[in-house]
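Within every chain, numbering begins at 1; the chains are lettered A, B, ... in the order of the sequence lines, protein sequences first and strands thereafter.
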Protein chains: 2
Amino acid sequence: MIEARHLRVLRAVATTGSFSAAGRELGCTQPAVSQQMKALEASVGTPLLVRNGREMRLTQAGEALVRHASGILAGLTAAEEEVAAIAGLRAGRVRLVSFPSGTSTLVPAALAALRAAHPGTRVSLEEAEPPKSAELLREGECDLTLAFRYEGAAVAEDWDDLVVRPLLTDRLVALVPERHRLARAESLAIGELAEEPWIAGCPRCRGQLVEVCEGAGFVPRIDFATDDYPAVVGLVGAGLGVAVLPQLAVESVRPRGVRMVRLEPAVRREIVALTLPDLAQVPAVAATLEQLARAAGRG
Amino acid sequence: MIEARHLRVLRAVATTGSFSAAGRELGCTQPAVSQQMKALEASVGTPLLVRNGREMRLTQAGEALVRHASGILAGLTAAEEEVAAIAGLRAGRVRLVSFPSGTSTLVPAALAALRAAHPGTRVSLEEAEPPKSAELLREGECDLTLAFRYEGAAVAEDWDDLVVRPLLTDRLVALVPERHRLARAESLAIGELAEEPWIAGCPRCRGQLVEVCEGAGFVPRIDFATDDYPAVVGLVGAGLGVAVLPQLAVESVRPRGVRMVRLEPAVRREIVALTLPDLAQVPAVAATLEQLARAAGRG
DNA sequence: TTCGAGCATAAGGCTTTCTTGGGGATGGTG
DNA sequence: CACCATCCCCAAGAAAGCCTTATGCTCGAA
């Protein structure tokens, strides 16, 4: 079985014309070259070199091998170069999945920084809500995902097999119309909104809302539900009800005719980046993760 | 530095999807595969495989490497195949150099046998007289050469650095016109022809002739000289003189109007095949040499 | 829960490969 | 003509690499 190392040596011998010179070129001693060539000749079963007097010539078999060697070694070099580019962040692609409010806040900042630091890397972005995102990760459909979990949620997602990197802690805020009686409050308990009509967000947030309200002893009357955060804010601004949203989600929307009031006691959600243990070792993934942490102020 | 062995293992892992299966395919154990992959990942500096649960997936770097691997391994296989063909006498070329009377006798028989035994091999044939032929060998211009030397010649060629394979012993015969007074002799001493006009052959043979005559105490009167053996025979047949030729040279010519008479004491020349020590190990050269020996009756 | 399959790791033995040191041959040079 | 530099081969010892066996752990299915 011919080895690449043998071809390298053979080529060096063929170009330099001597074992000693080849050894110097390859950074090893002349006997090493001599033994390599002997081993190669033994493995192919025919002489490759003819030594006559001082000069060294290739046999026909040697010429054939040298002829092939250039292509093989070029392919090897190209492979090494491509992998080195990926390892060295001069190339490489990260498939990132995020949830909407993360996409509009953390992600843009992180990707801008990533591009500035490593212009060769590419990031593809998909959106998915947490229960789905970890699944995509496990199925190999993405490399890195932003997810969140509410503190003390009834059913916590199982991330034991993943690398969990906390990015920041978000908290829920109440959104009330500007003229609402609680619009000027410093903070409020969610129970104070028990009788209000509600505007709910995404399905998961909606479940979380109901769970929190349950803890406060009431069932919210949900008049509207939409995935669209600006729409939620707009509906509240129009006086159609109140809402509870993650602060991060509100930040990406220009509030108009609404007031944000802190909830007390606070309901927090932890925003994390998830990846597979092996993928965390991939330079491009690690770099993206790092920029996400930095964008979240936890670099 | 990526090694071909690594690529083979990686490819097996990629196609089978597991280390164990790759090990079975490659005929080694699972830890061997595991260690190889670890070494490869270390050498390229980035993970190539992502293990998640039971399944094994390639990273982008791994995909790149597998993509290159097919071409590289195909090149290696092609190289091995070509060299194996040369080693196995299914291909290969021998550059043979011979002197004229060898070309017309030994060589055709040997090459016919070689072709029958190994149809893939090719022999290129050039003609050169002995002093030149060994030189061509040493200069790498040919692989195998037929040469001869006269027994007890004044200046023997130095073949110490060559492989000398004796093929057969030729002897000089006298050529006289059919009506010559010695035409019916069983044998003759060269001195008996001292007063005859001479027809000489090639320059080297001419030198040899003069040397032999000198030993017999006379200087031949050379009326004609030509490289062309049939011409020599023709001139003798026309009664223009006598000649001394190697028996082998005469055999290839239809004698017409001449008689061959054995010389006594015999003047012998040894016909040998010459090659370089390393070239004697080349299968195609060895096979050709063998057929030459066989054609000469010394197989 | 148990079982089978698969991967990782460690230790031991074997093979390979390198370096060093010495010997022989070649070809140019004083 | 002898000397010297260069280059190759060979042998021995040390170092590194590789493979195997044995063992433990995880995962997924019955």
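- Atom P of nucleotide C:dA8 and atom CD of A:Gln281 are separated by 14 Å, given to the nearest angstrom.
- Looking at heavy atoms from C-beta onward, A:Val97 lies out of side-chain contact with A:Leu274 at the 4.5 angstrom threshold.
- At least one donor-acceptor pair under 3.5 Å links the side chain of B:Thr275 to the backbone N or O of B:Asp143.
- Shown for residues 22-40 of chain B: residues whose heavy atoms fall under 4.0 angstrom of DNA chain C, namely B:Gln30, B:Pro31, B:Ser34, B:Lys38.
- Side chains of A:Leu96 and A:Cys142 form no contact here, defined as non-hydrogen atoms less than 4.5 Å apart.
- Pairs of residues two or more places apart, or lying in two chains, that qualify as salt bridge (Lys or Arg N to Asp or Glu O under 4.0 Å) and include a residue from residues 271-288 of chain A are A:Asp278-B:Arg51.
- The C1' atoms of five pairs define one axis at each end of the helix from C:dT1-D:dA30 to C:dG30-D:dC1, and these two axes lie 20° apart (to 10°).
- Under the 4.0 Å criterion applied to side-chain N and carboxylate O atoms, A:Glu126 and A:Lys132 are not assigned as salt-bridge partners.
- A straight line from CZ of B:Arg5 to C1' of D:dC19 spans 11 Å, rounded to a whole angstrom.
- Considering only side-chain N and O atoms, B:Arg51 lies nowhere under 4.0 angstrom from the phosphate OP1 or OP2 of C:dG6.
- For residues 15-31 of chain A, no residue pair satisfies the side chain to side chain donor-acceptor pair (under 3.5 Å) rule, not counting sequence neighbours.
- Between A:Ser18 and D:dT6, a side-chain N or O to OP1/OP2 separation shorter than 4.0 Å is absent.
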Name the pairs: protein N/O against N/O of nucleotides 25-30 of chain D, kept only if under 3.5 Å.
from, atom 1, to, atom 2, distance (Å)
D:dC27, O2, B:Arg54, NH2, 2.5

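- In this structure the side chain of B:Leu144 reaches within 4.5 angstrom of the side chain of B:Leu289, judged on heavy atoms.
- When the P atom of C:dG6 is taken as reference, atom CG of B:Leu49 falls 16 Å away, rounded to whole Å.
- B:Asp160 places none of its side-chain heavy atoms less than 4.5 Å from the side chain of B:Leu162.
- Distance check, rounded to the nearest 0.5 Å: CG of A:Leu292 to CZ of A:Arg165 gives 9.0 Å.
- What separates CD of B:Glu3 from P of D:dA16 is a distance of 18 Å, to the nearest Å.
- Among pairs with a residue in residues 56-77 of chain A, those fulfilling side chain to side chain donor-acceptor pair (under 3.5 Å) read A:Glu55-A:Arg57, A:Arg67-B:Glu82, at least two apart in sequence or across chains.
- At a threshold of 4.5 Å between non-hydrogen side-chain atoms, the residues A:Arg268 and A:Asp170 do not count as touching.
- Atom CZ of A:Arg8 and atom C1' of C:dC18 are 17 Å apart (whole Å).
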